[in-house]
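Structure, as structure tokens:
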4 protein chains.
Amino acid sequence: MPEQDAAPGGSGEVLPEVTLLGGVFSRGDVAAGDAAWLQALLDAEAGLARALERAGLAPAGAGAAVTRAAVAADLPAGDVAEVARASGLTGNPVPGLARVLARRVPDFAAPAVHRGATSQDIMDTAAMLLARRAAEVIRRDLMTAARAAARLAAAQRGTLMIGRTLLQQAVPVTFGVVAAGWLAGLDGAVTGLDAVADARLAVQFGGAAGTLASLGDAGPAVAALLADELRLAAPPLPWHTERLRVIDVAAAMARVTAALGKIARDVTLLSQTEVGEVAEGAADAGADGSPPGGAPRRGGSSAMPNKRNPVASVAILGCSRQVPGLLATLVASAEQELQRAAGAWHAEWQPFSDILRLAGSAAAWGADLLGGLTVDTAAMTANLAATGGLPLAERVTGLLAGALGRPAAHDLVAAAAGRAASAHVPLRDVLLALPEVGQAGITAGQVDAALDPAGYLGAAGAFVDAALRAHQEVENEHG
Amino acid sequence: MPEQDAAPGGSGEVLPEVTLLGGVFSRGDVAAGDAAWLQALLDAEAGLARALERAGLAPAGAGAAVTRAAVAADLPAGDVAEVARASGLTGNPVPGLARVLARRVPDFAAPAVHRGATSQDIMDTAAMLLARRAAEVIRRDLMTAARAAARLAAAQRGTLMIGRTLLQQAVPVTFGVVAAGWLAGLDGAVTGLDAVADARLAVQFGGAAGTLASLGDAGPAVAALLADELRLAAPPLPWHTERLRVIDVAAAMARVTAALGKIARDVTLLSQTEVGEVAEGAADAGADGSPPGGAPRRGGSSAMPNKRNPVASVAILGCSRQVPGLLATLVASAEQELQRAAGAWHAEWQPFSDILRLAGSAAAWGADLLGGLTVDTAAMTANLAATGGLPLAERVTGLLAGALGRPAAHDLVAAAAGRAASAHVPLRDVLLALPEVGQAGITAGQVDAALDPAGYLGAAGAFVDAALRAHQEVENEHG
Amino acid sequence: MPEQDAAPGGSGEVLPEVTLLGGVFSRGDVAAGDAAWLQALLDAEAGLARALERAGLAPAGAGAAVTRAAVAADLPAGDVAEVARASGLTGNPVPGLARVLARRVPDFAAPAVHRGATSQDIMDTAAMLLARRAAEVIRRDLMTAARAAARLAAAQRGTLMIGRTLLQQAVPVTFGVVAAGWLAGLDGAVTGLDAVADARLAVQFGGAAGTLASLGDAGPAVAALLADELRLAAPPLPWHTERLRVIDVAAAMARVTAALGKIARDVTLLSQTEVGEVAEGAADAGADGSPPGGAPRRGGSSAMPNKRNPVASVAILGCSRQVPGLLATLVASAEQELQRAAGAWHAEWQPFSDILRLAGSAAAWGADLLGGLTVDTAAMTANLAATGGLPLAERVTGLLAGALGRPAAHDLVAAAAGRAASAHVPLRDVLLALPEVGQAGITAGQVDAALDPAGYLGAAGAFVDAALRAHQEVENEHG
Amino acid sequence: MPEQDAAPGGSGEVLPEVTLLGGVFSRGDVAAGDAAWLQALLDAEAGLARALERAGLAPAGAGAAVTRAAVAADLPAGDVAEVARASGLTGNPVPGLARVLARRVPDFAAPAVHRGATSQDIMDTAAMLLARRAAEVIRRDLMTAARAAARLAAAQRGTLMIGRTLLQQAVPVTFGVVAAGWLAGLDGAVTGLDAVADARLAVQFGGAAGTLASLGDAGPAVAALLADELRLAAPPLPWHTERLRVIDVAAAMARVTAALGKIARDVTLLSQTEVGEVAEGAADAGADGSPPGGAPRRGGSSAMPNKRNPVASVAILGCSRQVPGLLATLVASAEQELQRAAGAWHAEWQPFSDILRLAGSAAAWGADLLGGLTVDTAAMTANLAATGGLPLAERVTGLLAGALGRPAAHDLVAAAAGRAASAHVPLRDVLLALPEVGQAGITAGQVDAALDPAGYLGAAGAFVDAALRAHQEVENEHG
């Protein structure tokens, strides 16, 4: 098995994370690969040793001794290789890891290692620790992104642009209300993430079959102390085969990438060459550092020097689109047999850490994207005007409906719009040439007013304000 | 079948729900097919007419007039066919439906039909109405199931059975703690469903591109009145392309089927011929009515008269396993472009109502399953005893560990267990023949005590009690 | 709507297919809902009776008698309701259906009904019949679409347009090569569909547990005759819990919607108001018939009379995006226990017929879309010219690379392109003002030649020709 | 970014593969993580340089020079880190890699690096190389597994056991026919894999937008030479946004894990403590090597010395259940925009290599599982006899049907079976006490014959033979 040769050496690079695609898919600070799992497993074992000591089930000092030994970066390569090899014998890495850990502590502390626990207790608790760390990082990046969206919504509250439905120009909107919609999604993602982090991340501790039998009567007390040590909730009873918590974490992450994916999709569309209303910012000199002389610049193309690709948006989409399938795997895995599942539990580990990593990368890209977004209001104005008033056809219909009735008005305007579009003349000219318009007593001034997009924004401003107020509540509660 | 009652009356079975597989996959009272969509769309249009009237934008009586006309059961078949045909021209059923509805109201009320709305407003609001109705039904069935699980947990609090991990016998548990785990899942499903129903089901009302432009300044007021009319929340701004609400409904339904699927899987395993610890109840005479003379009995096999199949469990699994893929579709669909998505929105409609229907069917089967479950405690006792004490090997190791150290004790007991298993003799006999046991000063009485499963239940009882207390809170808040 | 014709006659709308969204998601002639299942189940039972008669296991005339009775349209509503009710007792509709069918045949033929079969034999065989019928219809629509794509590729072989990568203008291509790419996808979909239809659609016949025990030695002979009767393959042994055939059908359908979804996505992008290079055709007067006076026109918007939505493309995407989740369900369902699965088999029925129906609808929309696509070559020319030569920057780099070396040429052109873009001046002017260009001995004529998109098409024409040749092979083999 | 520290050093372990879970999920020889991607990307670049040289577009020796430099193990850590960093700027690793590679070749050869190619050409071609290597390894392991299944089918052709449907005892089968069903699945997986490997793995080479413009007329010739160099097919035209090939690879892998998952599920069920008909073999001393003294033994439990877990089966299920979601992601990703997708392409990379890795691991475990499976025919006999003849009830019904008619016979036997089951007496005794049996002239001898399972196997033997013949054809064509 090549994996055995792959074992890391020395201290430090114990279990390197993904690198080749790391810049795209492991961006930000969510550590969720093998190295992160290893440390989280060790943290769970160390927390258990401390809990046992507090419960009087391990000698004084055992908790601290195990904690000192439970540092992934200090494990020799041979020990890690042993854990990996053992995972192929027992079906999970915990028995091997517990053995290695017990060997690395003083004799008096060894019996405190893994006492009362089963492998699943350690894996599940470690997963919750990974989720909590991921949630903290992601929440921070989402809030950065949300604040940038809030600034855009406020600054562009009155910036006119064309709204597009089914990718066709429809009626005017403002860029403010577009950004407000993005903001609402980000705020919703933060709120949901916090709800899960606060209420649903719980320690797992049930022993061989969920009764903590080997601890006699002391089980629940140790479980409570373990939860206290690891700052996780203490559930009423073990959740080894009741997996709603796993679904909740995954769904919260899917909400994160859903909110970001919508924004990224909008940016790729609005930054099309033919649209040009927004552009990803000059982030070359940002967090990634200035490119070395001649090195690829952000968004540059090796073949086409004219290109400026929306890299952040594309990377977000590259992340977000992997998430639905992973979520499905985790939901399907909730059908876990009796006291421990034969396969369904095992199928959770990789999608669980993948979904954390992808949500984390998407959030990091999202903070970058929204923080650096360039808005071209001139392009917005030009695109809005390009079709000569057609986006106001709905409003002109309203103007004529009073005199002609709505169906007749609709048909008349539809015909006029068709003629304007095919002849490439302004809708205004077609309308004013219609005898029905004059007969209805509609003046040119009324037509001009109806064709002014600034007067046809409805509640756009009010919606921006409402989104900003809602965001302020999120700031107050989750900021 | 309740579906037959759900079918609209009038000219007859205009839009009957699924029937061929209806007994399996459209069980219970969740109406979520075409007929249910049709009525929900009409309800949304009627609510809008009433809201417009209250806002002074439609004449007095218009709301009531539209509401009277908005009864699916009264629509002639030709009108429904017209709606279906028009949906192929416009890409959704709303324009055709609004047209049909406007035709069916008195002239004075016709302008109040669909005023200010876009098709998506009606579809999305109807979806929320469907979700609310489904949530009410499903919550009721889940609570019925949860109460049955609570009764089982309490009644079987001390019933010994073997715990099984990776489908292998492990250590003793109680059937009470098994049922408590089921209960925790059901309670979690109820809680999550209520949270979504209370906070996340919101009216959609944004007009052509989310600004309610055609209503001038009146948009937000109409939106609030519409929410009031339909008893849905009023969101800060339209969510036409911010789809976290759709994800939340779908995830809540996935939690429902996940909790039920775990129970169903356990029941299929525990009711295997070779295990026989539970059986699906004599529900023949239950809600389905006694079978007509000679008709197929519940769980019967046409070919094998000896068979008694766990039909409810199998049906639950048939439902629950369809859900992860549907959820993935809905999450992927959240990437919606600009002011209305070209495809992603359309891809939501069928999975959304499918997921409601499947969760509803699974919940109905679940209430039936748990309400009628037969428990064979004699079989539990026999299975626990069948391997001659091996499930207590862990405990014997603990007994010997004091004298021999844990590693040596583990190896000694593992060897003894192996010999007992291969020779089909009780572990007790093998152990008492070991010189190390006597040398360690362990008496036969101590060995017998260690091999008594009733003494090795750890916190099983405490966990049952905790689950029942937690359930009582759910009863108090959600019952 | 062809679905109405698919409805069984007799007492009337016994089992109508989907209607409300039928115009969108049940388009074309693939019948795959309850009515289609019912008839396919009856066809399987009838085929079995004929096979039994041919094998000498049923009296002469029994096959014909059962076949005469096995017409869904002739079943009274009460019989269908009985089948539905029984499906809730036995977990599938076959026992009830076999009972109803046996009652409807003369006494001498009744023992031939369902003899030797188990429910799964009938369901699985019916699924294969549904798949074959769907494949025939879909193949026909795909070929219609492919021929339209081939015509476009040939007709537009030299039509210049800008290529777009990551939604940014890149280098010139031709619309011919774009259409050739679509054609390749459609041809691939046809080829894959035919391969599955020819080789993988097999009869299922195994009896209670896959041994055909109740038929003694006659089982394999009856199986072969059944396959002959139904024109399905005869597998070496029953595949009741070996589900690769189900995966193969589903994957073939996913290939169909993948090929169509790519085309639909391109059309939505190319028909954006700001791009305008293609438009969905005037299909109002096509298969859907001319709209009745005042009725919604194809692609029209109720609110915005100016809109012309790409309805066919949107509908295709609405179909195609539901497919990955359904495919995942079917693949996950392949893990079927022992001699009949408890849930995994049941979870197949609805996704299986949904995936057929969605592929069928997408194919019907695709034939319509490509048959009516309008190409605006003037818009292509204008978009190509809009950025003043930037898409040829890659080629200019090649021109300068000889004199300056590629890295220096790349940097020089990148800077020039940046200046041209920000100053909105043609790249030509910026280039000719560069001293390095003159010093390298590059003439204005050379620059002009390099900036001529018609000269930078590489193998575009050759690729069109190759795609057309490959299509001709598909025509020859599958047309 | 922690990933930067993770960059590998020295020769050899350039980019270590997964280790912590490697023993479970990266078993066997499919290399599909970052290290494998890196080498495959380099192989694609090297193949291109050789093709360019053969086409006269690069100087003599350039191909060999680039090939010599294109060894992942020789890349300094700093170069790999540079590639990773650059992937965050350009959105994929190829521009950085091409730059590093060009720097590492002699000046004369540098212009041959990446000439004419775009990043996607290299990524897609590398993916095909990964797929081919994976397919070779997986095919070998599948054939090993299939041969073991064939041996089991032949050896146990007549071994009686009880068939189980919906996890309930049904009628007798043989273990031979069970193994034959497994064999059919494995053979189907091999056949499908070979079909894809032979016909669908094609080079990608299209340049910036699919026209190979920068190579003038030489593009197709270079593409053909590149295909020849890499032993991949040459497609008629680039498939950059026509992704059926990706789906085909993924579906072939899903078929592999589906076939294996079914077997693994059966083994977990048949090896339940209460069933005990098969057990995973003593593979401790097999490929994994004997466990070091005191180390965890295969299938051992840290807490429960009596446990022997079906580790191989569980690991297979842990792999197979991750696949449907990954497949769904890849199918959904086929909707790729215009000349290069913005996100959908990027979303393919990780699921593509994950699905190869998981299929590879499952196949390696599968070869191990079937090679070492222990069969307990005594347990099979005992389980078959345990219910006192009930599994033969179907046959007894057949015996009585002649005299009583099938419905009456069915009811009589069903009642007798019920009494036998509830009273725990043999069915024989109940039957012989029935007056109807005697009145029908049925003798005790006839009843005994009907209750002999060996006489009720139908075509079981014939099906084994047919599966073995079909396997022989696979051996001949694919062995």
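Predicted model, so just to flag it, every value in this text is computed and none were measured. Chain A is the first sequence line, chain B the second, and so forth, proteins listed ahead of strands; every chain is numbered from 1.
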Heavy-atom proximity to chain B below 4.5 Å, by part of R164(D):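 For R164(D), side-chain heavy atoms alone lie under 4.5 Å from chain B.
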A279(D): side-chain contact (heavy atoms from CB on, under 4.5 Å) partners, not counting sequence neighbours: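 If we apply the side-chain contact (heavy atoms from CB on, under 4.5 Å) test to A279(D), skipping adjacent residues, the hits are T374(D).
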Considering all heavy atoms, the nearest P310(B)-Q168(D) contact: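 Residues P310(B) and Q168(D), closest heavy atoms: CD-CG, 4.0 Å.
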[X] vs [Y] side-chain heavy atoms within contact, under 4.5 Å:
| X | Y | value |
| --- | --- | --- |
| N309(D) | L167(B) | no |
| I162(B) | E274(D) | yes |
| L166(B) | T268(D) | no |

Under 3.5 Å donor-acceptor, Q272(D) side chain and Q169(B) backbone: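 No: the side chain of Q272(D) does not pair with the backbone of Q169(B).
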Segment of S271(B) engaging chain D (4.5 angstrom heavy-atom cut-off):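 Both backbone and side chain.
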